[in-house]
J.: 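Handing you a structure now.
None of the values given here were measured: they were computed from a predicted structure.
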Amino acid sequence: MEFDVERTALLKALQSIIGVVERRQTLPILANILLDAREQRLAITATDLEVEIQAHAQAELSQAGETTLPARKLMDIVRNLPEHADIHVSTSHDRIALQLPHSRFTLATLPTKDFPTVEEIGQTQDLELTQSHLRWLIDRTGFAMALQDVRYYLNGLLLELEPYCLRAVATDGHRLALAEVVTELPLTETKQVIVPRKGIQELLRLLTDSDEPLRLELGDNHIRVTWPEVRFTTKLLDGQFPSYQRVIPKQNGGCLQVERHTLRQALIRAAILSNEHLHGVRFILGGTSLRICSNNPAQEEAEEELTAAYDGEAFEIGFNASYLLDALAAIEESTVEIFLTNANSSALLRGAGNERCRYVVMPLRL
Amino acid sequence: MDAYYASVEQRDDPRLNGKPVIVAWGGTRSVVCAASYEARKFGVRSAMPAAQAERLCPQAIFVPPDFIRYKAVSRQIRAIFSRHTDLIEPLSLDEAYLDVTVNKQGLGSATEVAKAIRASIRNELSLTASAGVAANKFLAKIASDWHKPNGLLVVRPHQAAAFLTSLPVTRLPGVGKVTGKRLAQIGIATVGELRTAPLPVLECRFGQWGRRLHELSLGIDERPVVTQRPALQVSAEDTFESDLRLDELEPHIRRLSEKTWRSYRKQPTRVARTIVLKLKTAQFKTLTRSLTLPTPPATATDVADIACGLRARVDLSPGTLYRLVGVGLAGLIDAGQFTAQADLFAGNELL
């Protein structure tokens with residue numbers, strides 16, 4: 001294998017994949033990346049056996065070939081090279097050499113056949129959407145994923161494909177986030193997959209806000225997301241996601257309408273004097289104002305009063321302020337609607353009139 | 001208290017007086033619980049393997065620890081403290097912070113209180129204690145170690161900065177080997193050097209901890225003396241006579257889970273959802289694996305099953321040998337707090 005590559009192009013590709021090269025590998029080969037040079041193009045693959053990322057870079061090819069080499073060492077070398085350097089790369093026996101006018105690095109390689117890759121992911125349902133749409137879906141919902149919950153199927157993001165709709169749902173059992181985008185796919189069946197947390201985080205790192213199209217393939221055991229520079233593949237979580245539709249409250253109680261930014265600031269302040277574990281705040285509803293109160297074990301207290309429109313009965317309800325703040329950060333509209341029934345039932349939050357993004361938060365018994 | 005367990009042993013058995021005494025369990029893997037000052041002259045230190053202590057000081061007299069007696073003496077010491085103040089924050093059986101801003105005897109200064117307490121401990125209990133008097137907890141703690149044994153050091157507010165300047169940074173609370181090394185990398189070895197480091201540099205390197213380091217270097221410590229600090233975790237651990245493989249640990253994990261469970265149940269108003277498995281390899285590498293459940297575990301068996309299962313998340317090679325295993329319950333909170341958060345899928349078909 002022999003090729004020339006620009007430092008900037010190589011670094012960009014390495015930065016895309018380095019996140020899945022784990023620091024503490026169980027298998028030595030997982031510290032390596034797979035380098036595949038063919039057709040004037042370099043494909044660089046990294047895997048942690050759950051998530052696989054392949055990034056592409058332009059290269060001036062002299063001789064096609066493939067090998068594996070230590071990822072972090074290569075990354076550190078390339079990162080510290082002068083900005084517009086051209087790197088000449090060649091292999092001989094079990095070594096790979098990086099050559100520049102005034103520098104030369106020789107790294108050890110491991111056989112390509114030992115590097116685990118996922119080429120085929122079986123039968124898939126495919127759709128095309130833009131990078132910004134997929135990113136938007138994850139941004140609106142990913143924060144609600146559980147972290148190391150024994151209900152392992154909650155430690156991921158549900159992607160649900162329906163006729164003309166791609167939906168993302170995440171929940172940790174106390175709150176839930178749902179967002180959907182319109183697609184042009186007239187499906188007859190629905191498909192559900194649960195993408196593990198790690199995969200979602202890596203994918204989010206890769207996605208940009210651009211309108212570049214990408215291809216999303218949903219298989220039985222993997223999903224794959226592909227655009228010209230990147231091919232992202234992750235295993236799926238087994239198990240049945242909870243029937244989330246049942247816990248999204250009907251909008252039959254009162255509706256509280258309040259300015260999102262004002263509510264957010266009030267909650268941030270009130271939370272300072274709330275209990276440090278529960279972040280409990282109390283909403284006192286009635287008339288044209290919303291009062292938010294908090295106190296902590298040291299009997300310190302905060303009280304906030306904001307203007308709000310509310311058409312339901314007067315009552316009090318407690319919430320974990322961080323759950324509300326997470327939802328308010330994901331809502332884009334300047335006015336937020338909160339549907340409430342009573343002190344023991346969940347609240348539904350959404351941007352005014354927006355049916356595409358919904359947030360459910362269970363109350364705290366204060 | 002000075003060489004506390006060893007001093008209690010020397011007091012109660014005159015034959016040990018003036019001799020090097022080491023309090024430690026028998027067994028090849030035991031560590032030194034306490035060493036008398038006579039033994040410390042030979043380089044024996046607390047937490048050192050007993051075998052090493054024996055090599056350093058072959059003439060030392062080894063005594064197995066008797067915690068029931070140490071606890072009883074500790075209660076007597078605390079009774080002496082409480083003649084002067086109720087604001088007592090115990091750190092261990094033989095160490096406590098006292099806030100004597102207002103003291104019951106109406107003594108004129110904190111120094112007088114310290115002298116009175118040390119005299120009572122000496123006269124009534126025939127033991128010696130060292131004290132540090134300062135405007136805050138961390139200075140008092142460093143001062144108390146200064147003239148050990150049987151010493152007293154008063155650091156007045158205007159002396160604090162000078163007192164700290166030449167100290168190595170590792171004397172600061174929370175600065176151990178790792179932070180010490182990271183500070184050394186930027187040329188900081190003493191508290192005085194830390195004081196001159198620009199705050200943004202420290203914040204950039206250490207985050208919020210950087211601000212705290214900066215405050216400590218100036219002698220600032222706003223932590224109040226807290227009388228009751230509810231436990232945040234309970235755990236039990238054991239070092240084996242000979243190293244074991246991961247798959248041989250189950251009986252030990254089960255036994256330790258029972259032990260942890262017993263101390264957990266002594267505080268019935270507190271609950272924990274996080275189960276921690278701690279391991280130490282034969283090469284002294286410590287690792288922990290933990291799992292947080294949606295609801296607190298119901299029985300010791302649940303804890304044991306999960307702790308055993310956490311072994312699957314240990315990614316060291318299968319041949320690795322372990323010298324220690326521990327089981328803990330972490331993140332203890334008041335039961336009321338836990339039940340407060342309602343569950344979306346409560347009473348549900350999913351669990």
J.: A:Leu176 versus chain B, heavy atoms under 4.5 Å apart: side chain, backbone, both or neither?
T.: both

J.: Under a 4.5 Å cut-off applied to non-hydrogen side-chain atoms, are A:Tyr323 and B:Gln341 in contact?
T.: yes

J.: Between B:Leu344 and A:Met362, what is the shortest heavy-atom contact and its length?
T.: N-CG, 3.5 Å

J.: For B:Phe240, what residues pass the ring pair (Phe, Tyr, Trp, His ring centres under 6.0 Å) criterion, not counting sequence neighbours?
T.: B:His252

J.: Is it the case that atom CD in B:Gln208 sees more than 12 heavy atoms from other parts of the structure closer than 6.0 Å?
T.: no

J.: Heavy-atom distance under 4.5 Å to chain A: side chain of B:Ile333, backbone, both or neither?
T.: side chain

J.: Give a yes or no on this: more than 12 heavy atoms of other residues, nucleotides or ligands lie within 6.0 Å of atom CZ of B:Arg211.
T.: no

J.: Which distance, rounded to the nearest 0.5 Å, do you find between the CG of B:Asp343 and the CZ of A:Arg175?
T.: 12.5 Å

J.: Go through the atoms of A:Asp172 and report whether side chain, backbone, both or neither lie under 4.5 Å from a heavy atom of chain B.
T.: neither

J.: Counting only heavy atoms from other residues, nucleotides and ligands, does the tally under 6.0 Å from CG of A:Asp238 exceed 12?
T.: no

J.: Among A:Gly318, A:Gly173, A:Ser346, A:Ala146, which residue has the highest count of heavy-atom pairs closer than 4.5 Å to chain B?
T.: A:Gly173

J.: Are there more than 12 heavy atoms of other residues, nucleotides or ligands under 6.0 Å from atom NZ of A:Lys198?
T.: yes

J.: Give me the atom names and distance for the closest heavy-atom approach of A:His174 to B:Ala342.
T.: ND1-O, 3.4 Å

J.: I need the residue from A:Asn320, A:Leu147, A:Thr171 with the largest number of non-hydrogen atom pairs under 4.5 Å to chain B.
T.: A:Thr171

J.: Would one find more than 12 heavy atoms of other residues, nucleotides or ligands at under 6.0 Å from atom CZ of B:Arg311?
T.: yes

J.: More than 12 heavy atoms of other residues, nucleotides or ligands under 6.0 Å from CD of A:Glu355: is that the case?
T.: yes

